[in-house]
Amino acid sequence: MARYILSRLEQAVVVIFVATLLLYALAYAMPGDPVAALAGENQTLDAATRAAIAAKYNLDKPFLVQYALYLGRVFHGDLGTTFAGRPVTEVIATAFPVTARLAIIAIVIETIVGVLVGLLAGRRKGSGFDSVVMTITMILLGIPSFVLAFAVQYFFGVKLRWMKPTVSEFATWGELVVPALVLAVGSIAFLIRFTRSGVVDALNSDHVKAARARGIHEWRIGLAHVLRNVLIPIVTVIGTEFGGLLGGAIITESVFNIPGFGQQVYQHIIRGETAPTVSLVSVLVIIFVTVNLLVDLLYAVLNPKVRYGSHE
């Protein structure tokens, strides 16, 4: 297990390094003039002022030099400074708790709805309920998240006024329920289908058929044989989905004006701030890689058949 953990940590370092390089390259290649964005759209800059601003933020240097300087600052604990002079670490400390609340609500909704509906659909394979569930999940999987977010905001927030179209600056738990549901819709549909497939496979397995032949009650079969086997891969899916929800929050937070991590990433992209954008997204990459590592270790604990050794 120790060797496996060390190997995964080495892989994580490589993934994070490559991710930051690609992110920096994409941010560097974005259209727009970061110097003009820094000075303000309504200001006309002379050549000397433009050169001074570019030199201050290393915008006058080649891409690889900028990236090397950025990595050097990161290794010293400096994630950069926004054009407004605010440290990125302060931005993270303020915005991340909001996104964490959003992701926690989304994962709770996803787990409860996805697992319960998937179990019922799997137990009733071929029924009308199963057909309706499969049709709805297929539709939900095909709807882009930004389309769903705008539709919910317009119909339920503007037309019907059942909710506020945007979230307040405090982003309370209650205000985040609807955005979290929008964020989790695609994951809910996937988890329903995944759970249903696992239940169907478990019910058709030899050990379940043998249990029925021995006269064991159906509820006991469902708990001891079906649910136990299905929950192991479900835990893996839910764990990886949590990291994905953090990244997917960018669109949802932008639509509902949630002052979270995704909103900050979006704003820095619009302003052409390369270093803060890369730092913020890199934090998401680190969280995603860490969650995946923890999920793999938890999978080994839940499933005694899994052994991590030298022949993996």
Side-chain angles (χ1 to χ4, degrees), residues 1-30 63-64 66-82 86-107 110 145 171 180 183-184 187 235-254 258-269 273-301 308:
M1 178 67 78
R3 181 178 300 177
Y4 171 76
I5 295 175
L6 182 60
S7 173
R8 287 303 307 273
L9 288 175
E10 293 174 352
Q11 294 173 14
V13 172
V14 174
V15 168
I16 293 170
F17 173 77
V18 173
T20 58
L21 177 60
L22 293 177
L23 289 170
Y24 206 95
L26 291 173
Y28 182 84
M30 285 191 304
F63 163 72
L64 291 179
Q66 289 189 34
Y67 179 68
L69 292 172
Y70 167 75
L71 281 185
R73 292 193 302 269
V74 170
F75 288 142
H76 287 86
D78 180 11
L79 297 181
T81 305
T82 67
R86 188 182 182 191
V88 175
T89 52
E90 183 180 322
V91 174
I92 294 173
T94 303
F96 185 74
V98 178
T99 301
R101 288 200 295 270
L102 180 67
I104 290 171
I105 297 172
I107 205 70
E110 174 190 347
S145 58
L183 177 63
S187 299
V235 169
T236 305
V237 171
I238 293 175
T240 54
E241 283 291 325
F242 182 75
L245 289 174
L246 290 173
I250 295 177
I251 295 176
T252 305
E253 290 184 357
S254 300
I258 300 173
F261 216 80
Q263 176 77 316
Q264 292 295 330
V265 172
Y266 174 76
Q267 293 297 331
H268 290 304
I269 290 175
E273 300 184 64
T274 303
T277 300
V278 175
S279 296
L280 291 170
V281 179
S282 296
V283 171
L284 293 177
V285 172
I286 293 172
I287 294 173
F288 186 81
V289 171
T290 303
V291 170
N292 274 289
L293 175 60
L294 294 176
V295 167
D296 285 347
L297 298 179
L298 181 59
Y299 187 87
V301 174
Y308 299 109

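The first residue in the sequence is number 1, and the count goes up from there.
- By the side-chain contact (heavy atoms from CB on, under 4.5 Å) test, P87 pairs with T89, E90, sequence neighbours left out.
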Using distance only, find each side-chain donor-acceptor pair of residues 69-77 under 3.5 Å and give its atom names and separation, not counting sequence neighbours.
residue: Y70; atom: OH; partner: S279; partner atom: N; Å: 3.3
residue: Y70; atom: OH; partner: S279; partner atom: OG; Å: 2.9
residue: H76; atom: ND1; partner: G72; partner atom: O; Å: 2.7

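- Applying the side-chain hydrogen bond (donor to acceptor under 3.5 Å, both in side chains) rule to Q263 yields the partners N257; only residues at least two apart in sequence or on another chain are considered.
- Remark: I258 CD1 to L102 CG distance equals 5.0 Å, nearest 0.5 Å.
- By the 4.5 Å heavy-atom criterion applied to side chains, L183 and S145 are not counted as neighbours.
- Between the side chain of T94 and the main chain of V91, no donor-acceptor pair closer than 3.5 Å is present.
- Below 30°, between 30° and 60°, or above 60°: for F63 and Y24 the angle between ring planes is between 30° and 60°, a tilted geometry.
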Report task. Begin from the C-alpha positions of I92 and F261 and carry the test side chain to side chain contact (heavy atoms under 4.5 Å, CB included) through to its verdict. Result -> CA-CA 7 Å; I92 294 173; F261 216 80; 3.9 Å; yes
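- To the nearest 0.5 Å, atoms OG1 (T99) and CD (E253) are separated by 3.5 Å.
- To the nearest 0.5 Å, atoms OH (Y266) and CG (L280) are separated by 15.5 Å.
- Atoms OG1 and CD, on T82 and Q264 in that order, are 8.5 Å from each other to the nearest 0.5 Å.
- The minimum heavy-atom distance linking E110 with A184 is given by the pair CB-CB, 4.4 Å.
- For the atom pair CD1 of I16 and OG1 of T290, the computed distance is 6.5 Å after rounding to the nearest 0.5 Å.
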Report task. For side chain to side chain contact (heavy atoms under 4.5 Å, CB included), just list the numbers for I238 and I107, CA-CA rounded to whole Å, side-chain angles, deciding distance to a tenth of an Å, and then say yes or no. Result -> CA-CA 7 Å; I238 293 175; I107 205 70; 3.8 Å; yes
